[in-house]
Amino acid sequence: MVRPFLIYGAFILCIMLVALFPQHADLQENNTNLSIKHDVQDGTVFVECYIGGYTLREEANEEQAPAQLTVLINGSKHSVQNQAAFRLQDLEEGSHQICIEVTDQEGTSYEEKECFKATIK
């Protein structure tokens with residue numbers, strides 16, 4: 001008789017835990033609001049960013065600070081992006097360290113930065 005209540009209780013507990021933890025829990029564990037996915041195809045690096053707590057739009061609100069994405073390639077500033085998804089073209093062959101940094105409109109860092117390596121063949 002006790003078993004159905006234990007199973008039901010465990011089920012309810014699981015539902016509560018899923019509801020309590022945010023969808024991007026892995027971002028909070030790393031203490032960052034920036035997550036990057038990338039893919040290299042035919043010499044082009046496709047980049048997709050998730051930036052929680054910031055907006056790339058000109059009009060900000062109380063929940064999101066206005067931001068832009070500064071792209072650094074091998075330590076040098078390459079470009080500034082105002083879109084969460086973009087591509088990097090015309091990179092030389094070889095391995096490149098690509099860093100994406102969240103900055104304000106004047107270029108001051110919000111201390112949110114992620115790096116990855118991309119090899120162009």
Side-chain angles (χ1 to χ4, degrees):
M1 205 52 143
V2 175
R3 273 194 190 177
F5 291 112
L6 287 177
I7 294 171
Y8 181 73
F11 178 73
I12 296 298
L13 180 62
C14 288
I15 290 174
M16 289 174 54
L17 288 174
V18 168
L20 289 175
F21 288 100
Q23 193 172 10
H24 298 283
D26 57 321
L27 297 178
Q28 290 186 354
E29 287 175 10
N30 294 333
N31 231 4
T32 182
N33 290 316
L34 176 62
S35 176
I36 298 173
K37 293 180 182 179
H38 76 281
D39 187 32
V40 180
Q41 294 179 5
D42 299 325
T44 299
V45 181
F46 295 90
V47 181
E48 185 178 353
C49 304
Y50 167 80
I51 53 169
Y54 302 98
T55 182
L56 297 175
R57 297 180 181 167
E58 288 184 22
E59 61 279 344
N61 58 38
E62 294 176 8
E63 297 172 1
Q64 296 179 316
Q68 59 188 13
L69 301 172
T70 300
V71 180
L72 304 159
I73 299 179
N74 300 325
S76 297
K77 184 176 177 179
H78 177 269
S79 61
V80 175
Q81 300 292 328
N82 292 309
Q83 299 178 10
F86 55 91
R87 59 185 167 192
L88 304 171
Q89 297 176 306
D90 302 325
L91 298 178
E92 294 180 12
E93 279 191 24
S95 183
H96 299 280
Q97 176 80 9
I98 300 173
C99 296
I100 311 297
E101 184 171 20
V102 181
T103 61
D104 66 13
Q105 301 301 321
E106 286 78 41
T108 303
S109 177
Y110 280 122
E111 303 298 323
E112 301 281 353
K113 182 178 179 181
E114 290 291 323
C115 299
F116 61 91
K117 286 194 176 191
T119 302
I120 307 297
K121 297 180 182 179

Checklist entry - Which class fits the ring pair Y54 and Y110: parallel under 30°, tilted 30 to 60°, perpendicular over 60°? => result tilted

Checklist entry - Can you check whether N33's main-chain N or O pairs, donor with acceptor, with E112's side chain at less than 3.5 Å? => result yes

Checklist entry - Do V45 and H96 have side chains that get closer than 4.5 Å, going by heavy atoms? => result no

Checklist outcome for this item: Residues N74 and S95: closest non-hydrogen pair is OD1-O, 4.3 Å

Checklist entry - Do L72 and F86 share a hydrophobic cluster, counting only Ile, Leu, Val, Met, Phe, Trp and Tyr and linking them when any side-chain heavy atoms are less than 4.5 Å apart? => result no

Next on the checklist: Looking at every non-hydrogen atom in both residues, tell me the closest pair between C49 and L34 and how far apart they are.
Outcome noted: CB-CD1, 4.4 Å

Checklist entry - Rounded to the nearest 0.5 Å, how far does CZ of F116 lie from NE2 of H38? => result 5.0 Å

Checklist entry - Would you say V71 and I100 make side-chain contact, with heavy atoms under 4.5 Å? => result yes

Item to check | Least distance between heavy atoms, C99 atom then K113 atom | outcome: CB-CE, 3.7 Å

Checklist entry - Below 4.5 Å, heavy atoms only, C-beta onward: do L88 and V47 meet side chain to side chain? => result yes

Checklist outcome for this item: Nearest heavy-atom approach of T70 to T103 is OG1-OG1, 3.2 Å

Checklist entry - More than 12 non-hydrogen atoms from neighbouring residues, nucleotides or ligands closer than 6.0 Å to CD on E92, yes or no? => result no

Next on the checklist: With clusters defined by side-chain heavy atoms of hydrophobic residues (ILVMFWY) lying less than 4.5 Å apart, directly or transitively, does I73 cluster with L69?
Outcome noted: yes

Checklist entry - Which heavy-atom pair separates D104 from Q68 by the least distance, and what is that distance? => result O-NE2, 3.1 Å

Item to check | N/O donor-acceptor pair under 3.5 Å between E101 side chain and E111 backbone | outcome: no

Checklist entry - How long is the gap from CD1 on I36 to CD1 on I51, to the nearest 0.5 Å? => result 10.0 Å

Checklist entry - If you take all heavy atoms of Q105 and A67, which pair is closest and at what distance? => result NE2-O, 3.2 Å

Checklist entry - What about F46 and I98, same hydrophobic cluster or not, with Ile/Leu/Val/Met/Phe/Trp/Tyr joined at side-chain heavy-atom distances under 4.5 Å? => result no

